[in-house]
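In what follows, residues are counted from 1 in the order of the sequence shown.
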Amino acid sequence: MAAPFIFVDELIYSELARSFAGGGEFLVRGEPSGGYGVLYPVLVSPAYALFDSLPAAYSAVKAINALLMSLAAVPAYFLARRMLGPGLSLLAALLAVAVPSMVYTSTVMTENAFYPLFLTVALVLTATLERPTAFRQLSLLALALVAFLTRVQSVALAPALVTAPFLLSVFARQPLRRTLSTYRVLLGALFGGGALVVLAQLARGHSPTELLGAYAVVGEASYSLGNAARFFLYHVEELDLYVGVVPLAALAVLTAAARRAPRAVQAYLAAALSLSFFLVLTVAVFASRFADRIQERNTFPVAALLLIALLVWVGCDAPRPARTTAVALSVAAVLPALLPFRRFIDTPAISDTLMLLPWWSLQDGSISLGQVWIAVLALGVALAALFAFVPRRFALAVPLVVLAYFAVTLKPIQAGAHGIRQAGEGALYQGIGAERRDWIDRAVPDGADVAVLWTGRTDRFTVNLNEFFNRSAGRVYYLDAPTPGGVFETKVSVRPGTGLVVQENGEPVRERYVLVDGSIDPDGEPLARDERKGLTLYRLTGPLVSMTSVTGVDDDRWSGRTVRYTRLRCRGGTLTVLLSSDPSLYRDDQRVVARVGREPVARASVPPVGTVELRVPLEPRHGRCVVEFEVARTRVPGGGDPRALGVHFDAFRFAPGGER
């Protein structure tokens, strides 16, 4: 994995880990930030303590992730072992770490810690339901608290812990009064402790939703019941596709016969059903309001519970009561085909919905997007047929086919055209063009602080990636809008006439080092450049001043018919402009003429592919140098973009006097 790509999440958790390793605090861009899960940053912080080089620390984090997430095999084994022999339990451990979401070990994300922790909660909950001692009930609560410190999504555990004992009482035909008495420690602590926390928050004058930290807005928002229900169904459909259909059918068959099952199986089913329902429900409700996409990344831990259910079905001699099996298989086989693939097969799936990526790759080649549901239905029917007709003595073939399914889907998820490896390489290409990812750290003294000024004219990854791989990059200023998802960023503006960059309170920006794109040319000494991305690192001699202004270029660096470049305090020199085109818009060369006054002083022919340099001699007039660029042609690309586009003005580079 070349670089992170899930922003700003990976940046936030790396910042938290770095600050904890450096001083025991949880900071993001130098600001206190206690609103995020803290356990995962603590676990990966040794990587940042051991390595000064952030690229090296990034490799170490991925190594820690591999260990952390692979630990999911341990609770998966012991969870299965409560009902099965050693062989099937080992297979449960293998399946738990064969799920495609193990590719998240290459990301700086809480999934790496939450997955094994969630399965540990499931193990302890199952054990508590089987033998509900006070110690086990308190241990379960402590684990739930640790899970919450890892991920706010763990609020879903609270209703699951309340529901599981009552669900077990239904399976075991146990009176309600006995259930209340048996689990009084667990229920009393949950309800009593929850009430005390809420009252304490209110007494302090704070809203209880503030306990959700950075996700407090989730508790304050309003939700549509219909939309939430629709997203719940989407998530169940996708989860069914994720596990390969038959585990969901096996869970349904076992649940239908739960009252006749052994106590250990009843306890497991009560735990698995409660945890699965409330985790998926929580994620679906959030997605219906804030994400508008399927967030498999937050529901995949449930897959391990379904896979263990499939192995329990095998261990129970593959029961297949006709009516129950027919209904279970019909629903499980059809559900994934009902997904609106046209809506959800898109770029966000690369980070959030991995099991859509194989079907995206399939759509690229042999079938159309509108036919994906047919292929999914065919797969569901084939797997359902295997479940229904495989001889009992060969029932082990069913989970082995699921294992093969994971193996087949892993390649397009990890290394396909839309896979996460490509996403990491793409993010690095968009963000850093320098030979070394830590090029900023190498250009400044140890301990230096480098501010980043984002004008919106470069890709947001030029901020995120450079900050991720360079310890010195810290404070972020922006001119028009913050980076997407940006936290702790400061708005600034450029005063007309003087070019002084000021904050909203009117205070000038005073930094020793600053990283800017080619549309800003500070009064300072250039120390290093990322030529391909048009970024320059400066050492300033005073307040940050924008010596240049550029009009006629959009945020994506496309020009219209004319572009105007102005430089203040100018005594002459040379302006070098990097120009490029787009073969999807222009098949032949595009012509650009540079004029000073009304006289043409330079020309360039820009091919459809590649970058050219246009060098323009500057002539000062009243302390300013002004260049007008005239583009020969413009075209409207269509597809919802009404702009008339000329060429890409990728970067502007000024050299005083005779410098180049």
Side-chain angles (χ1 to χ4, degrees), residues 3 18 29-30 52-57 428-455 457-479 483 489-490 492 494 499-501 508-550 565 567-578 611 613 615 618 650-660:
R18 283 169 53 190
R29 290 174 172 165
D52 290 329
S53 164
L54 289 188
L428 183 61
Y429 179 83
Q430 290 173 254
I432 300 177
E435 183 178 353
R436 294 192 178 262
R437 290 172 289 177
D438 57 348
W439 66 283
I440 297 174
D441 282 350
R442 293 171 177 271
V444 297
D446 291 342
D449 291 323
V450 176
V452 181
L453 176 59
W454 194 58
T455 66
R457 296 185 184 276
T458 58
D459 194 288
R460 55 87 60 89
F461 286 128
T462 59
V463 176
N464 297 147
L465 264 296
N466 279 303
E467 189 176 4
F468 186 91
F469 285 118
N470 293 272
R471 286 184 183 271
S472 55
R475 284 178 293 279
V476 177
Y477 299 95
Y478 66 91
L479 282 179
T483 60
E489 298 183 357
T490 304
V492 295
V494 180
L500 186 66
V501 179
V509 173
R510 299 182 183 276
E511 300 283 353
R512 181 59 171 164
Y513 302 95
V514 65
L515 179 70
V516 295
D517 63 53
S519 65
I520 299 291
D521 197 354
D523 188 7
E525 176 189 0
L527 299 180
R529 285 193 174 99
D530 181 339
E531 298 285 358
R532 185 164 60 81
K533 308 311 297 181
L535 300 175
T536 305
L537 172 64
Y538 285 91
R539 179 168 52 218
L540 304 182
T541 56
L544 178 58
V545 176
S546 176
M547 304 291 289
T548 62
S549 65
V550 178
Y565 169 92
R567 180 174 181 83
L568 305 176
R569 306 180 191 178
C570 183
R571 299 181 180 179
T574 302
L575 175 67
T576 301
V577 186
L578 301 183
T611 301
E613 290 186 351
R615 297 178 183 272
L618 300 179
D650 294 318
F652 296 85
R653 190 164 64 243
F654 169 77
E659 295 181 24
R660 294 290 186 271

Rounded to the nearest 0.5 Å, the OG1 atom of Thr611 sits from the CD atom of Glu531 at a distance of 11.5 Å
Looking only at non-hydrogen atoms, find the nearest pair between Gly431 and Leu465 and report the distance. CA-CB, 4.3 Å
Is any side-chain heavy atom of Asp521 less than 4.5 Å from a side-chain heavy atom of Phe652? no
So how far is it from Ile432 CD1 to Phe461 CZ, rounded to the nearest 0.5 Å? 11.5 Å
Ala448 and Tyr513: which non-hydrogen atoms are nearest, and at how many Å? CB-CE1, 3.9 Å
What one should report as the nearest heavy-atom pair of Thr458 and Lys533 is CG2-O, 4.3 Å
Is there a donor-acceptor contact under 3.5 Å from the side chain of Asp459 to the main chain of Gln430? no
Is a side-chain donor or acceptor of Arg512 paired with a backbone partner of Leu540 at a separation under 3.5 angstrom? yes
Could you go through Thr536 and Leu515, starting from their C-alpha distance and side-chain angles, then the distance that decides it, and tell me whether this counts as side-chain contact (heavy atoms from CB on, under 4.5 Å)? CA-CA 6 Å; Thr536 305; Leu515 179 70; 5.9 Å; no
Does the side chain of Leu535 come within less than 4.5 Å of Asn466's, by heavy atoms? yes
Any idea which heavy atoms bring Leu568 and Gly499 closest together, and the distance? CD1-N, 3.8 Å
Among Asp449, Asp441, Asp438, Asp446, find the residue that satisfies the side-chain hydrogen bond (donor to acceptor under 3.5 Å, both in side chains) test when tested with Ser472. Asp441
Any donor and acceptor pair, going by atom type alone, linking the side chain of Glu613 with main-chain N or O of Thr576 inside 3.5 Å? no
Answer yes or no: are there more than 12 heavy-atom neighbours, outside Glu435 itself, under 6.0 Å from its atom CD? no
Assess whether side-chain contact (heavy atoms from CB on, under 4.5 Å) is satisfied between Val452 and Glu467, documenting all intermediate values. CA-CA 9 Å; Val452 181; Glu467 189 176 4; 5.9 Å; no
Does any part of the side chain of Leu618, heavy atoms only, come nearer than 4.5 Å to the side chain of Thr574, both counted from C-beta? no
Mind checking the OH-CD spacing from Tyr477 to Glu511? Nearest 0.5 Å is all I need. 3.5 Å
Under 3.5 Å, is there a donor-acceptor pair between the side chain of Arg532 and the main chain of Tyr429? yes
Considering non-hydrogen atoms only, spot the tightest contact between Leu544 and Pro522 and give its length. CD1-CB, 3.9 Å
Candidates Ile520, Leu500, Leu453, Thr455 - the one meeting side-chain contact (heavy atoms from CB on, under 4.5 Å) with Ser546: Ile520
Applying side-chain hydrogen bond (donor to acceptor under 3.5 Å, both in side chains) to Ser53 and not counting sequence neighbours gives none
Test side-chain contact (heavy atoms from CB on, under 4.5 Å) applied to Met547 and Phe654, step by step: CA-CA 10 Å; Met547 304 291 289; Phe654 169 77; over 6 Å; no
Tell me whether Asp517 contacts the main-chain N or O of Gly534 through its side chain, where contact means a donor paired with an acceptor under 3.5 Å. no
Close side-chain approach of Glu489 to Thr483, heavy-atom, < 4.5 Å: yes
Are Phe469 and Ile440 side-chain neighbours, meaning at least one heavy-atom pair lies under 4.5 Å? no
Closest non-hydrogen atom pair between Arg437 and Pro55, with its separation: NH2-CB, 3.6 Å
Between the side chains of Trp439 and Asn470, is a donor N or O closer than 3.5 angstrom to an acceptor N or O? no
